[in-house]
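Convention: sequence-line order gives letters A, B, ...; per-chain numbering from 1.
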There are 2 protein chains.
Amino acid sequence: MSEALARKPLSVASATGAAAFSPLYQQIKDLLVQALDRGDWKPGEAIPSETELALRFQVSQGTVRKAVDELASENLLIRRQGKGTFVSTHHEARVRFRFLRLAPNQGEPQPAESQILDCKRIRASAEIARALELKVGDSVVAIRRLLSFAGVPTVVDDIYLPGALFKGLTADLLNGYVGPLYGFFETEFGVSMVRAEEKLRAVNADSEMSVLLGIPQDTPMLKVDRISFTYADRPVELRMGHYVTDRYHYRNSLN
Amino acid sequence: MSEALARKPLSVASATGAAAFSPLYQQIKDLLVQALDRGDWKPGEAIPSETELALRFQVSQGTVRKAVDELASENLLIRRQGKGTFVSTHHEARVRFRFLRLAPNQGEPQPAESQILDCKRIRASAEIARALELKVGDSVVAIRRLLSFAGVPTVVDDIYLPGALFKGLTADLLNGYVGPLYGFFETEFGVSMVRAEEKLRAVNADSEMSVLLGIPQDTPMLKVDRISFTYADRPVELRMGHYVTDRYHYRNSLN
DNA sequence: AAGTGGTCTAGACCACGTT
DNA sequence: ACGTGGTCTAGACCACTTT
């Protein structure tokens with residue numbers, strides 16, 4: 001809860017103006033995102049009330065409201081009537097299922113069991129460097145993990161993280177943690193995953209996947225390549241997943 | 001452009017009230033959706049201005065604005081500054097790519113060529129009846145079509161539509177039409193697709209798919225089962241697609 | 001100039017949760 | 001009783017499009 005929020009250089013678009021001005025609520029939205037990025041308020045914490053923010057920024061409460069509304073619709077913030085507005089956290093089932101799209105063909109989604117198979121430091125390949133906006137050869141943490149549902153191995157994820165952001169991340173640390181990986185990243189490294197882009201393809205299981213998942217070679221699998229972004233749209237995770245989809249499917253909504 | 005919009009029985013939540021009241025803007029939103037469902041304004045047409053609607057409903061312009069804002073964020077309406085607010089239509093590339101998620105691994109998305117392989121009347125199976133909320137045995141239109149990108153056969157879709165809504169739909173009609181299928185449904189049958197739920201799995205190509213798509217049998221394919229909904233959240237299409245994903249992938253955003 | 005949506009304000013009151 | 005977000009209003013002015 002720092003007091004470091006900027007005070008006043010906000011300017012509304014002027015009629016005869018020259019350059020591109022943005023609306024007040026957009027400027028406030030940007031300031032709030034910067035504050036979140038700086039970690040002024042941690043995931044799960046309340047941000048200042050709307051009237052408080054209106055005072056700080058010297059705008060009306062309705063203008064703050066519009067900025068917060070948009071951030072809430074983007075799931076960076078969560079409004080709770082009567083209580084306040086809170087920073088989103090992955091330590092909640094509701095948020096988690098936004099990023100774990102695998103659901104059972106029958107029955108309700110169950111929590112997955114995670115098992116870390118490997119965690120090491122590598123040098124960024126061209127592909128990894130491009131995805132994470134690093135330079136080839138930069139330090140990268142490479143994690144391989146197995147997800148099981150109801151004891152059935154179902155997903156192998158290969159995860160690549162910028163070494164600079166995840167200093168001291170080890171297999172031991174990962175294994176000592178229960179709960180969602182993104183929650184772990186949040187509390188242990190201050191990295192909040194806010195948004196992701198995925199590309200899905202069908203592939204055949206190679207011998208490696210066959211062994212890890214206990215399935216015949218050439219079983220059709222869903223391959224999911226994900227790039228995750230944190231507040232300022234900076235990519236901070238490349239994840240390549242192999243999903244077995246006989247008992248589970250990837251659910252999606254088109255709006 | 002009917003004048004059939006209800007006039008006044010709107011009531012705001014009263015303090016000592018008994019049952020569950022909904023906010024004014026929600027009631028107006030519901031009325032607007034009903035109007036869209038009735039076809040008061042067709043896709044592509046402008047709806048009345050905010051001030052006009054405020055007059056009709058006897059509420060302030062700001063309240064109408066909030067209702068329209070939400071419908072715009074759900075992509076039922078599109079705002080155009082200075083011009084008006086318009087009913088969404090599938091006769092626009094922007095809308096189309098919301099429902100066609102296949103993108104080339106390299107280069108920009110190209111329009112697909114559609115070829116109708118079959119179009120017939122069948123009786124609803126249990127599966128189809130469940131998906132479309134029909135009774136087993138009800139009349140259903142079954143369409144099979146092939147999508148090609150740059151001449152390469154890539155997608156086979158099996159599409160099932162409620163017969164009652166699509167009277168007179170024939171292969172000839174379909175073949176005489178250029179453009180997106182959902183645009184065709186819109187203009188020819190007044191059925192607007194607004195939202196869809198998809199389930200994705202990896203499967204192997206069977207002999208049928210192998211022949212249709214010119215690929216080896218057992219090629220891994222992406223199977224996409226979709227249920228599409230129109231305004232009042234009524235399911236009006238079941239679509240089962242088989243995608244070849246060597247040169248293309250299914251793109252998705254997690255927010 | 002006129003009409004549309006877009007932004008901003010100030011104030012009132014309601015609903016919810018906590019003290 | 002108080003503080004929070006949620007709704008609603010009325011009015012002013014800006015920005016974009018068309019006449």
Could you go over nucleotides 16-19 of chain D and give all protein N or O partners under 3.5 Å, atom names and distances?
residue, atom, partner, partner atom, Å
D/dC16, O4', B/Gln81, OE1, 3.3

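Between A/Arg80 and the phosphate of D/dT4, there is no side-chain N or O to OP1/OP2 separation shorter than 4.0 Å. Contact annotation: B/Lys66 side-chain N/O to D/dC8 OP1/OP2 distance is not under 4.0 Å. Under 4.0 angstrom from either OP1 or OP2 of C/dG5 there lies at least one side-chain N or O belonging to B/Thr85. Note on A/Arg65: every side-chain N or O is 4.0 Å or more away from OP1 and OP2 of D/dG5. Listed pair B/Thr63 / D/dT7 fails the phosphate criterion, with no side-chain N or O lying under 4.0 Å from OP1 or OP2.
Comparing C/dG5, D/dT9, D/dG5 by their nearest atom to the side chain of B/Val59 picks out D/dT9. Closest approach to the B/Glu50 side chain among D/dC8, C/dG5, D/dG5 is made by C/dG5 (side chain taken as heavy atoms from C-beta onward).
Rounded to an integer number of Å, the gap from CG of B/Leu55 to C1' of C/dG3 is 14 Å. Between A/Leu53 atom CG and D/dT4 atom C1' the separation is 12 Å, expressed in whole Å. Following rounding to the nearest Å, B/Asp69 (CG) and D/dC8 (P) show an atom-to-atom distance of 14 Å. The distance between atom CZ of A/Arg79 and atom C1' of C/dA15, rounded to the nearest whole Å, is 14 Å. Going from atom CD of B/Glu52 over to atom P of C/dA2 covers 19 Å, rounded to whole Å. Going from atom CZ of B/Phe57 over to atom P of D/dT9 covers 13 Å, rounded to whole Å. Distance CD (A/Glu70) to C1' (C/dC8): 15 Å, rounded to an integer number of Å. Computed from coordinates, the B/Phe86 CZ to C/dG3 P distance equals 17 Å when rounded to whole Å.
Map B/Ser49 and A/Gln26 each onto its nearest nucleotide of DNA chain C; the residue landing nearer the 5' end is B/Ser49.
With sequence neighbours left out, the side chain to side chain contact (heavy atoms under 4.5 Å, CB included) criterion links A/Thr51 to A/Ser49, A/Gln61. In this structure B/Asp233 satisfies the side chain to side chain contact (heavy atoms under 4.5 Å, CB included) test together with B/Arg195, B/Phe229, sequence neighbours excluded. For B/Glu198, the salt bridge (Lys or Arg N to Asp or Glu O under 4.0 Å) partners two or more places apart in sequence, or in a different chain, are B/Arg226. For A/Lys199, the salt bridge (Lys or Arg N to Asp or Glu O under 4.0 Å) test picks out no residue, with sequence neighbours left out. In terms of the salt bridge (Lys or Arg N to Asp or Glu O under 4.0 Å) criterion, residue partners of A/Arg234 (sequence neighbours excluded) are, by chain and number, A/Asp37.
A salt bridge between B/Glu50 and B/Arg79 is present, with a side-chain N of the basic residue lying under 4.0 Å from a carboxylate O of the acidic one.
With no hydrogens or angles considered, a side-chain donor-acceptor pair links A/Asp30 and A/Gln26 at under 3.5 Å.
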